[in-house]
Amino acid sequence: MSALHPYIGSNTSEPPVIRQLDETAINRIAAGEVVERPASAVKELVENALDAGATRIEIAISDGGKGLIRITDDGCGIPASDLPLALARHATSKIDGSDLLDIRSFGFRGEALASLGAVGRLSVTSRPTGHAEAARITVTGGKVSPVVPAALSRGTVVELRDLFYATPARLKFMRTDRAESQAITDIVKRLAMAEPSVAFTLRDVSGDGDGRLVFRADAETGDLFDALRGRLSRILGSEFTENAIAIDTEREGLRLTGFAALPTYSRGSAVAQYLFVNGRPVRDKLLIGALRAAYMDFLSRDRHPAAVLFIDCDPQQVDVNVHPAKAEVRFRDPGMARGLIVSGLRHALADAGHRASTTVAGATLGVMRPEAGAPGRVYQMDRPSRGALGAAHLGQAPHPMSQGFPPGFAEAATPSGRIEPLGTDAPVATPTATDLPLGAARAQVHENYIIAQTTDGIVIVDQHAAHERLVYEKLKRQMAENGVAAQALLIPEIVDLSEGDAARLLSVAPDLYRMGLAIEPFGGGAVAVRETPAILGEINARALLLDILDEIADLGDSTTLGARIEAVLSRVACHGSIRSGRWMRGEEMNALLREMEATPHSGQCNHGRPTYVELKLADIERLFGRT
C-alpha cells in the first residue's frame with residue numbers, strides 16, 4: 001500500500017483536517033496561474049499601464065526578466081492612500097463587480113500585483129496627476145512595507161526583482177534568459193499592435209550601462225488604418241504591409257478590422273498570426289481555425305497565412321474570463337465570429353483580384369543579380385524618349401518568322417477575354433494593351449512562360465499555373481450555382497458512434513447535406529449515411545465522419561468535407577488546364593492575361609504559389625547597370 005494518499009494505508013479512522021491556507025500561500029498559488037513566466041508578469045504590468053491611460057511605456061528587463069522587470073508609464077498614477085489596497089488580492093479600480101460581462105479594460109481581477117508581490121520583490125512608486133508628492137510601497141515575498149515618500153515627476157514605476165525567489169521550484173522550469181527575453185519581446189510587440197497611439201520602449205539592462213535597446217515603437221498618428229499600418233510596418237516590416245489587404249467588415253454588432261496578407265506572402269509556420277478581441281491579444285482556437293479556413297482554398301497544408309486581425313464588439317457579447325491568463329475568449333455566438341472572419345477575409349482576397357505579393361519579384365531579382373566581384377559597368381548614354389524608341393525598334397525589327405515566333409504573336413487579344421481554340425481568328429490588340437495590369441504578350445519561352453510588356457516593366461506568367469487557377473475558379477462558381485451533386489448509396493452505410501459524437505454530427509447535418517453528404521440517426525449512437533458527394537467517387541464514409549468529428553471537437557466547426565471536394569476540383573482543374581510544353585499563339589496568351597485580370601485569386605495557383613512575376617523597368621535597368 002502506498003502512503004502518498006492521506007486515505008490509503010492510514011491506521012486511523014479520523015479524516016484529514018481541513019485547514020484554511022494563509023494569505024501568503026494563497027497568493028503564491030494564484031501567482032502560479034496568473035504569472036506563468038516573466039513574460040506573463042510583463043503582460044500584466046503593461047496592461048495595467050494601458051488601463052491607466054499611459055501614452056508612453058518603458059520596459060526594462062535583465063536576465064530574461066528573472067532578475068528585473070521595470071515598467072515606467074505616464075498614466076494617471078495611484079494616490080498614496082490607495083497603494084496598500086492596490087497590493088491586496090481582488091482589489092481593482094477597473095470594475096465594481098456588479099457585471100462581470102461588462103469588461104472594458106485589460107485587467108479586472110485585481111490579482112496581478114498581489115501575485116507578483118508573493119513570489120518576488122515588488123515596489124510601486126506613483127505620483128497621480130495633480131498631486132504634489134509621490135509615494136512608494138514595497139512587498140517582499142508577500143510581506144508589505146509601509147508607504148513612504150518618493151521622488152517621481154508623474155505616472156507610475158513598478159519594479160519587480162528576483163521573480164520566483166520565494167518559489168525556487170518554479171525557477172527550475174524557466175527557460176534560458178534568451179528564450180525568456182524573446183517571449184517578453186513577443187508580448188510587448190503584441191500589446192504595441194493593439195495600441196498604435198502609445199509609444200513603447202523595451203531595453204535589456206543585463207550587466208552594466210544603459211543596456212541594449214531591444215524594441216522601440218513611437219506613437220503613431222492618423223486614422224485607424226494609417227496608425228495601424230505604421231505600427232505594423234515597424235513591428236512586422238514593410239514587406240507585410242506592402243503585401244497585406246486592409247480588412248474592415250461588420251456583421252450584427254461584430255466588427256472585423258486589420259490587415260491580412262496575400263496568399264503568396266505565406267509563412268512556413270503560424271508565427272505571423274495575431275488576433276485581438278476588443279483590443280486584447282488572444283490565442284483562441286476558434287479564431288485561429290477561422291483564419292485557417294479563410295485561406296484553405298489558397299494555401300497548401302504546409303503554408304500558413306499572415307494576418308493581424310481585430311474583432312470589436314459589445315463586451316456583453318464575449319466572455320474574457322474563461323482563462324487565467326485571459327488568452328482565450330468565449331463568444332455568445334461563436335458561429336457569427338467565425339463566419340465574420342471567413343467571409344470577411346475571402347471577400348477581401350477576392351477584391352484583390354489577380355494581385356500577387358511583391359516579395360515574389362524581390363526573390364526573382366535576387367537570383368538574377370550579377371556575380372559578386374564582377375567589374376561594375378558604366379554607361380554614359382541617356383535613355384531616349386518612348387517615341388524615339390518605338391521608331392528605332394520598328395526600323396530594326398526582323399520578320400517574325402525569322403526569329404522563330406509565330407505570325408501575329410504580338411499584342412493580340414480576344415474581346416471576350418476567353419482563351420480561344422487554335423485556329424480561331426482574333427482581332428489585333430490595340431497599342432494600349434500594355435497599359436493593362438498584366439500588359440500585352442510579347443513571347444512564349446520554353447513553351448511554359450509568357451513574357452508580357454507593361455508600361456513600366458515586364459510580367460512573366462506561368463501559363464499552366466495561371467490557367468489551372470482560372471479553371472478551378474470556374475468550377476467553383478459552377479458548383480456554387482448548381483450545388484454539389486450527390487449519389488445515393490444502394491445500401492446505406494451504418495456508422496456506430498458514441499451518443500455524444502452522433503449528436504454533434506447530426507447538429508451539422510444540414511450543412512453536410514448542402515455539400516452532398518446525407519446522414520440521419522439510426523438509433524442509439526448509430527448514424528446512417530444515405531448519400532455521398534458524387535465528385536468524390538467511392539469513399540470510406542466512417543473515416544470521413546470521424547475526420548469531421550475531430551475537426552468539430554477541435555475548432556467547433558468542420559471544413560473537412562468542403563476541403564475534399566475542393567481538392568477534387570483542384571485536380572480536375574489541373575488536368576483540364578493548359579499543359580506545360582504547349583505552344584500558344586499570341587491571341588491565346590493575351591486572352592489568358594485578360595482573364596487573369598478579371599478573375600479573383602488568379603495571382604496564385606491552387607497550391608498558393610505565384611502565377612506571375614512582375615519586374616519593374618527600374619529594377620531591370622539596375623541589373624544591367626543602367627542607373
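Worth saying up front: this structure is predicted, and the values here are computed from it rather than measured.
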Partner set under salt bridge (charged side-chain N to carboxylate O under 4.0 Å, His left out) for Arg469, not counting sequence neighbours: Asp297, Glu473
Contact summary for Leu340 and Glu250, nearest pair of heavy atoms: CD1-C, 4.2 Å
Minimum heavy-atom distance Leu615-Val613, with the two atoms named: CD2-CG1, 3.9 Å
Shortest non-hydrogen contact from Arg267 toward Ala272: NH1-CB, 3.6 Å
Presence of salt bridge, Glu493 and Arg542, under 4.0 angstrom: no
Minimum heavy-atom distance Pro492-Leu490, with the two atoms named: CD-O, 4.0 Å
Gln273 (side chain) donor-acceptor with Pro305 (main chain) under 3.5 angstrom: yes
Ring geometry between Phe310 and Phe276 (parallel below 30°, tilted from 30 to 60°, perpendicular above 60°): parallel
Test side chain to side chain contact (heavy atoms under 4.5 Å, CB included) applied to Leu512 and Ile548, step by step: CA-CA 10 Å; Leu512 298 178; Ile548 293 174; 4.0 Å; yes
Under 3.5 Å: donor-acceptor pair, side chain of Asn590, backbone of Ala441: yes
Side chains of Glu538 and Gln487 in contact at under 4.5 Å (non-hydrogen atoms): no
Salt bridge present between Glu595 and Lys474 (N-O < 4.0 angstrom): no
Close side-chain approach of Cys313 to Asn278, heavy-atom, < 4.5 Å: yes
Flag side-chain contact, heavy atom, 4.5 Å: Leu517 against Leu544: yes
Minimum heavy-atom distance between Leu489 and Val529, given as atom pair plus value: CD1-O, 3.4 Å
Whether Arg234 side chain and Arg216 backbone form a donor-acceptor pair below 3.5 Å: yes
Sole candidate of Leu224, Leu309, Ile247 that passes side-chain contact (heavy atoms from CB on, under 4.5 Å) when paired with Thr257: Leu224
Min side-chain heavy-atom separation Phe259-Thr241 under 4.5 Å: no
Side chain to side chain contact (heavy atoms under 4.5 Å, CB included) between Arg190 and Arg283, worked out: CA-CA 11 Å; Arg190 287 178 184 270; Arg283 299 178 185 270; 3.1 Å; yes
Rounded distance (nearest 0.5 Å) linking atom CG of Asp333 with atom CG of Leu254: 8.0 Å
4.5 Å side-chain heavy-atom contact, Tyr265 and Glu239: yes
Nearest non-hydrogen partners of Ala192 and Ile235, listed with the distance: CB-CD1, 3.9 Å
OH-CG distance between Tyr612 and Leu592, expressed to the nearest 0.5 angstrom: 12.5 Å
Pair Lys189 + Asp186, salt bridge at N-O below 4.0 Å: no
Side chain Arg303, main chain Ser266, donor-acceptor under 3.5 Å: yes
Separation of Glu220 CD from Glu195 CD (nearest 0.5 Å): 13.0 Å
Derivation and outcome, side chain to side chain contact (heavy atoms under 4.5 Å, CB included), residues Thr454 and Leu617: CA-CA 9 Å; Thr454 63; Leu617 190 58; over 6 Å; no
N/O donor-acceptor pair under 3.5 Å between His347 side chain and Ser343 backbone: yes
Non-neighbouring partners of Ala452 that pass side-chain contact (heavy atoms from CB on, under 4.5 Å), sequence neighbours left out: Val459, Leu593
N/O donor-acceptor pair under 3.5 Å between Arg530 side chain and Glu520 backbone: no
Pairwise distance CG(Leu228) to OG(Ser233) - rounded to 0.5 angstrom: 9.0 Å
Donor-acceptor contact present, side-chain Gln463 to main-chain Glu447, <3.5 Å: yes
Heavy-atom side-chain contact between Leu275 and Ile311 under 4.5 Å: no
Pairwise side-chain contact, Ile451 with Ile460, heavy-atom cut-off 4.5 Å (strictly under): yes
The single option from Met584, Arg585, Glu588 passing side-chain contact (heavy atoms from CB on, under 4.5 Å) against Gln444: Met584
Flag side-chain contact, heavy atom, 4.5 Å: Asp501 against Leu545: no
CG on Asp462 to NE2 on His467, rounded to 0.5 Å: 12.5 Å
Spacing of CG belonging to Leu438 relative to CD belonging to Gln453, to within rounding of 0.5 Å: 13.5 Å
Sidechain-backbone polar pair: Arg338 side chain, Leu286 backbone, donor-acceptor under 3.5 Å: no
Trace of the side chain to side chain contact (heavy atoms under 4.5 Å, CB included) decision for Ile620 with Ile458: CA-CA 9 Å; Ile620 299 173; Ile458 64 172; 3.8 Å; yes
Asp312 bridged to Arg255 by N-O distance under 4.0 Å: no
